[in-house]
Protein chains: 2
Amino acid sequence: MAVKCDNCPLRELEIFVPFTTEEARFMKGFKIGELTVDAQTPLLIEGSNAPQLYTVLAGQGVRFKTLEDGRRQVVNFVFPGDFIGLQAGVMGEMGHSITSATEMTLCVFDRAEIWSLFKSHPDRAFDLTWLAASEEMFLGESLATIGQRSALEAVAWTLQRLFQRGEALGLTTANEMPLPFRQQDLADALGLSLVHTNKTLAKLKDRGMVLWQDGVLGILDRTGLSDVAGIPMEALRPRPLI
Amino acid sequence: MAVKCDNCPLRELEIFVPFTTEEARFMKGFKIGELTVDAQTPLLIEGSNAPQLYTVLAGQGVRFKTLEDGRRQVVNFVFPGDFIGLQAGVMGEMGHSITSATEMTLCVFDRAEIWSLFKSHPDRAFDLTWLAASEEMFLGESLATIGQRSALEAVAWTLQRLFQRGEALGLTTANEMPLPFRQQDLADALGLSLVHTNKTLAKLKDRGMVLWQDGVLGILDRTGLSDVAGIPMEALRPRPLI
DNA sequence: GTCACGATATGTCGTCTGACATACGCGCAA
DNA sequence: TTGCGCGTATGTCAGACGACATATCGTGAC
């Protein structure tokens, strides 16, 4: 890990969420610095109370829980703009771990400053709650996917949601986006075995719907994929940025 | 549905969260009234933007999502003290529906007042975020349960968590608590078929661990159940009340 | 009383998914 | 070059879970 500030991609993000000058000044004080980590680096650990919170500026990661016997559940995938450490920030304990999947650049905040945010910037505090509620909503959908959908439906649904997120973030070019995760990560996200996930992916590939190779996801048949996934292929609304 | 105020169980709840006089005055203005509904009454509908939010004063309910083809995923069970409608309150849209399982008494709030809460009562706004983060944490655990645990483990885990919640709320007497849900609700919560849920429950009953009959859950072997569930059988921390 | 309906219970059989084995390609180190 | 580890791919077999059928019990309508 090394703190650095060059080549900062923050400008990109400011396109999405324009700050007022006062807000910018406050957030600047809120911000401790920037952090760049390598791929496969643990950022936050389940059960810990991290003193620092992050906003992802670049790179991707994985949120996951580990059961006592080693089984792993991927709770969500982390993308630029995501806020990391909210649970530690308000509850004093993370419910899951977070690890980078690629090199990541993070905006670092001080946990103790959350209070001042609630006191002096209620609109930003509201955004924080919005993020938490949004995450809760997504987890509810994931629950429905894992609980109710078949393996084929679940994989199609997940790839579609990932691509929708990519589109909302401008990570896509034509019908492709970077997806630097392993099949094992997807399997752990869906509660499927690695082998069955692989075979299910092969089925979607055979049907000419998706192509996921070398860390790049390609959507070849949007409508077909939507039919299998059971949700319309529309883009997502933008999220507030903390 | 009928609004009434007699026989109000609010006193009970105030034991857990003492308000300052100013807070009490504010919350009193925040509160519109009380609502009592029969069992099996829809309270909030997925996708809707309810003008009113609730805190559960008495009774139990179910949060659930419905897929296009009718499949149902129970997201969580609702107990006294739970806040209902947060997603509609901050995002303008519910991600799941909520239906009462028993007769329920609810404290009614105005959705529009959430803003004033953030502006003038940052500590209460913080509690709101705490609740959202807490719910997110629980959903993460549920994901891990549905995704990773076997049917037997999952049922044991759920019954244990339900009993822990009951203990934290003072709903338990000795080793029993009211659990007015159907086996179908549990099945939909775990992504299992009704039949398999029934057989799994029978297995736990045969082992002398639990007894769930006539809306009453009895824990006969706490340590045995904990072993199967894979989590220690300790009580939960109290939650803030909105 | 009796009929219908919902919830729970239990058996049989089929299938979706997991476990295990094996193979291929690639990057990396000796 | 050779060997090793990691991720991906594919086949066979086994098991957990779902689908269907059926039965019991209690409640409510008539």
Side-chain angles (χ1 to χ4, degrees), chain A residues 38-40 60 62 67 69-74 99 101-102 145-159 178-207 210-218 228, chain B residues 38-40 60 62 67 69-74 99 101-102 145-159 178-207 210-218 228:
Chain A
D38 291 335
Q40 308 300 332
Q60 279 125 315
V62 173
L67 274 63
D69 55 11
R71 284 177 286 187
R72 191 179 79 131
Q73 175 68 42
V74 168
T99 295
T102 64
T145 293
I146 298 184
Q148 306 299 325
R149 295 190 221 263
S150 68
L152 190 70
E153 295 171 323
V155 170
W157 182 89
T158 305
L159 293 181
L179 197 67
F181 305 109
R182 298 165 303 168
Q183 293 185 0
Q184 181 71 63
D185 295 320
L186 180 59
D188 288 342
L190 297 177
L192 299 173
S193 69
L194 171 61
V195 173
H196 198 63
T197 302
N198 179 289
K199 289 174 181 173
T200 306
L201 281 168
K203 207 171 286 184
L204 288 175
K205 196 196 319 185
D206 290 345
R207 295 191 186 181
V210 301
L211 196 60
W212 182 21
Q213 283 179 344
D214 305 320
V216 176
L217 171 66
V228 177
Chain B
D38 291 336
Q40 307 300 333
Q60 278 126 317
V62 172
L67 274 62
D69 54 10
R71 283 176 287 186
R72 191 179 78 131
Q73 174 68 42
V74 169
T99 295
T102 65
T145 293
I146 298 182
Q148 305 300 326
R149 294 190 222 262
S150 70
L152 189 70
E153 294 171 324
V155 170
W157 183 87
T158 305
L159 294 181
L179 197 67
F181 306 109
R182 298 165 304 168
Q183 292 185 0
Q184 182 70 63
D185 295 320
L186 180 60
D188 288 342
L190 297 177
L192 298 172
S193 70
L194 172 60
V195 174
H196 198 63
T197 302
N198 179 288
K199 289 174 181 175
T200 305
L201 280 168
K203 206 172 287 184
L204 287 176
K205 196 197 319 185
D206 290 344
R207 296 190 186 182
V210 302
L211 196 60
W212 183 20
Q213 282 179 346
D214 305 321
V216 175
L217 171 66
V228 176

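Each chain gets a letter, A, B and so on, in the order the sequences are listed, and its residues count up from 1.
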Sugar-phosphate, base or nothing in reach of A:Leu192, heavy atoms under 4.0 Å: sugar-phosphate
For atom CG of B:Leu190 and atom P of D:dC17, their distance in whole Å: 11 Å
Euclidean distance, atom CD of residue B:Gln148 to atom P of C:dA19 [Å, nearest integer]: 10 Å
Verdict with supporting geometry, A:Leu201 and A:Leu186, side chain to side chain contact (heavy atoms under 4.5 Å, CB included): CA-CA 10 Å; A:Leu201 281 168; A:Leu186 180 59; 4.3 Å; yes
Phosphate OP1/OP2 of C:dT8: any B:Gln184 side-chain N/O under 4.0 Å: no
Side chains of A:Leu190 and A:Thr197 in contact at under 4.5 Å (non-hydrogen atoms): no
Nearest-Å distance for atom pair CZ/P, residues B:Arg71 and D:dA19: 10 Å
Minimum-distance nucleotide (side-chain atoms of B:Ala151 versus D:dC17, C:dA7, D:dT10): D:dC17
Distance below 4.0 Å between B:Gln183 side-chain N/O and C:dA9 OP1 or OP2: yes
B:Lys205 side-chain N/O to C:dA9 phosphate OP1/OP2 under 4.0 Å: yes
B:Leu194 CG to D:dC20 P, straight-line distance once rounded to whole Å: 13 Å
Between P of C:dT17 and NZ of A:Lys199, the distance in whole Å: 12 Å
C:dA9 phosphate, OP1 or OP2, under 4.0 Å from B:Asn198 side-chain N/O: yes
First encountered from the 5' end of DNA chain C, between B:Gln40 and B:Val195: B:Gln40
Test: B:Lys203 and B:Asp206 ion pair at under 4.0 Å: no
Presence of donor-acceptor pair under 3.5 Å, side chain of B:Lys203 and base of C:dT10: no
Test log, rule side chain to side chain contact (heavy atoms under 4.5 Å, CB included), inputs A:Gln213 and A:Lys205: CA-CA 11 Å; A:Gln213 283 179 344; A:Lys205 196 196 319 185; 4.2 Å; yes
Sugar-phosphate only, base, or nothing, as touched by A:Gly215 at under 4.0 Å among non-hydrogen atoms: nothing
Rounded interatomic separation in angstrom, taking CD1 from B:Ile146 and C1' from D:dC17: 15 Å
Euclidean distance, atom CG of residue A:Asp206 to atom P of D:dT10 [Å, nearest integer]: 8 Å
Under-4.0 Å salt bridge between A:Asp185 and A:Arg72: yes
Separation of atom NE2 in B:His196 from atom C1' in C:dA9, rounded to whole Å: 15 Å
